[in-house]
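Reviewing the structure listed below.
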Amino acid sequence: MSDVATTRSGAAAARMLTLDDFPVHRPVTTRWSDNDMYGHLNNAVYYEYVDTLVNGWLIASGGLEVPGRPVVCVVAETGCVFHASLGFPA
(Lines give C-alpha, C1' and ligand atoms only; values in the text may rest on other atoms or scores of the structure.)
Protein backbone atom coordinates (compact mmCIF):
# COMPACT_ATOMS: atom_id res chain seq x y z
CA MET A 1 0.00 0.00 0.00
CA SER A 2 1.24 3.49 -0.86
CA ASP A 3 2.28 5.93 1.82
CA VAL A 4 0.23 8.58 0.04
CA ALA A 5 -3.01 9.01 1.95
CA THR A 6 -5.94 9.90 -0.30
CA THR A 7 -9.68 9.62 0.00
CA ARG A 8 -11.89 7.85 -2.51
CA SER A 9 -12.79 11.27 -3.97
CA GLY A 10 -9.12 12.10 -4.63
CA ALA A 11 -9.01 14.86 -2.00
CA ALA A 12 -5.82 16.22 -0.44
CA ALA A 13 -2.92 13.79 -0.16
CA ALA A 14 -0.49 13.48 2.73
CA ARG A 15 2.20 14.62 0.28
CA MET A 16 2.31 15.69 -3.34
CA LEU A 17 3.17 13.02 -5.89
CA THR A 18 6.20 13.60 -8.10
CA LEU A 19 7.52 11.87 -11.23
CA ASP A 20 9.80 9.86 -8.94
CA ASP A 21 6.69 8.08 -7.60
CA PHE A 22 6.13 6.47 -11.03
CA PRO A 23 8.66 4.00 -12.44
CA VAL A 24 7.76 4.46 -16.13
CA HIS A 25 7.59 7.77 -18.00
CA ARG A 26 6.42 8.22 -21.60
CA PRO A 27 5.78 11.55 -23.34
CA VAL A 28 2.35 12.27 -24.81
CA THR A 29 1.32 15.35 -26.74
CA THR A 30 -2.07 16.99 -26.43
CA ARG A 31 -3.98 17.88 -29.58
CA TRP A 32 -6.22 20.83 -30.31
CA SER A 33 -9.19 18.47 -30.80
CA ASP A 34 -8.69 17.05 -27.28
CA ASN A 35 -10.06 20.27 -25.72
CA ASP A 36 -13.65 20.92 -24.80
CA MET A 37 -15.30 24.31 -25.32
CA TYR A 38 -13.77 25.57 -22.04
CA GLY A 39 -10.20 24.82 -23.15
CA HIS A 40 -9.86 21.81 -20.84
CA LEU A 41 -8.97 18.31 -21.91
CA ASN A 42 -12.16 16.33 -22.47
CA ASN A 43 -12.58 13.70 -19.73
CA ALA A 44 -12.66 10.75 -22.16
CA VAL A 45 -9.31 11.83 -23.64
CA TYR A 46 -7.48 11.05 -20.38
CA TYR A 47 -8.34 7.37 -20.86
CA GLU A 48 -7.36 7.50 -24.53
CA TYR A 49 -3.94 8.63 -23.30
CA VAL A 50 -3.83 5.79 -20.75
CA ASP A 51 -4.60 3.28 -23.52
CA THR A 52 -1.97 4.78 -25.82
CA LEU A 53 0.68 4.89 -23.11
CA VAL A 54 0.04 1.37 -21.79
CA ASN A 55 0.16 -0.16 -25.27
CA GLY A 56 3.25 1.89 -26.17
CA TRP A 57 4.95 0.57 -23.05
CA LEU A 58 3.93 -3.02 -23.87
CA ILE A 59 5.33 -2.69 -27.40
CA ALA A 60 8.58 -1.03 -26.23
CA SER A 61 9.15 -3.66 -23.52
CA GLY A 62 8.72 -6.50 -26.01
CA GLY A 63 5.53 -7.79 -24.43
CA LEU A 64 3.29 -6.93 -27.38
CA GLU A 65 3.96 -7.44 -31.06
CA VAL A 66 1.37 -5.97 -33.42
CA PRO A 67 -0.31 -6.61 -35.77
CA GLY A 68 -1.27 -10.26 -36.06
CA ARG A 69 1.43 -11.72 -33.82
CA PRO A 70 0.88 -14.72 -31.53
CA VAL A 71 1.41 -12.71 -28.32
CA VAL A 72 -1.72 -11.20 -26.81
CA CYS A 73 -1.58 -8.79 -23.86
CA VAL A 74 -4.52 -7.90 -21.66
CA VAL A 75 -4.54 -5.01 -19.24
CA ALA A 76 -6.98 -6.12 -16.56
CA GLU A 77 -7.40 -2.76 -14.87
CA THR A 78 -6.30 0.84 -15.06
CA GLY A 79 -7.11 3.78 -12.85
CA CYS A 80 -7.08 7.52 -12.99
CA VAL A 81 -6.87 10.01 -10.16
CA PHE A 82 -7.36 13.62 -11.22
CA HIS A 83 -4.68 16.00 -9.91
CA ALA A 84 -4.79 18.93 -12.35
CA SER A 85 -6.35 19.94 -15.63
CA LEU A 86 -4.55 19.66 -18.95
CA GLY A 87 -5.23 21.44 -22.22
CA PHE A 88 -3.66 22.11 -25.58
CA PRO A 89 -0.74 22.81 -26.00
CA ALA A 90 0.28 21.39 -22.59
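Between the CG atom in Leu86 and the CZ atom in Phe88 there is a gap of 13.0 Å [rounded to 0.5 Å].
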(message) Let's go through Leu41 and Asn35 carefully: what are the C-alpha distance in whole Å and the side-chain angles of both, what is the deciding distance for side chain to side chain contact (heavy atoms under 4.5 Å, CB included) to 0.1 Å, and is it a yes or a no?
(response) CA-CA 4 Å; Leu41 213 63; Asn35 289 332; 4.3 Å; yes
(message) I'd like to know whether Asn42 forms a side chain to side chain contact (heavy atoms under 4.5 Å, CB included) with Asp34, so could you lay out the CA-CA distance, the side-chain angles of the two residues, the decisive distance to 0.1 Å, and finally the verdict.
(response) CA-CA 6 Å; Asn42 185 293; Asp34 294 340; over 6 Å; no
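In plain terms, the two heavy atoms of Asp21 and Met16 that are nearest each other are OD2-O, 4.3 Å. The minimum heavy-atom distance between Thr78 and Tyr47, with the atom names listed, is OG1-CE2, 3.5 Å. Nearest heavy-atom pair across Arg31 and Tyr49 is N-OH, 4.0 Å. Listed here is the closest heavy atom pair of His40 and Ser85: CD2-OG, 3.3 Å.
Looking at residues two or more places apart in sequence or on another chain, you find no side-chain hydrogen bond (donor to acceptor under 3.5 Å, both in side chains) involving Asp36.
Annotation: side chain of Leu53 is not in contact with side chain of Val50 (no heavy-atom distance under 4.5 Å).
Remark: Tyr38 OH is loosely packed, at most 12 non-hydrogen atoms of other residues, nucleotides or ligands lying under 6.0 Å away.
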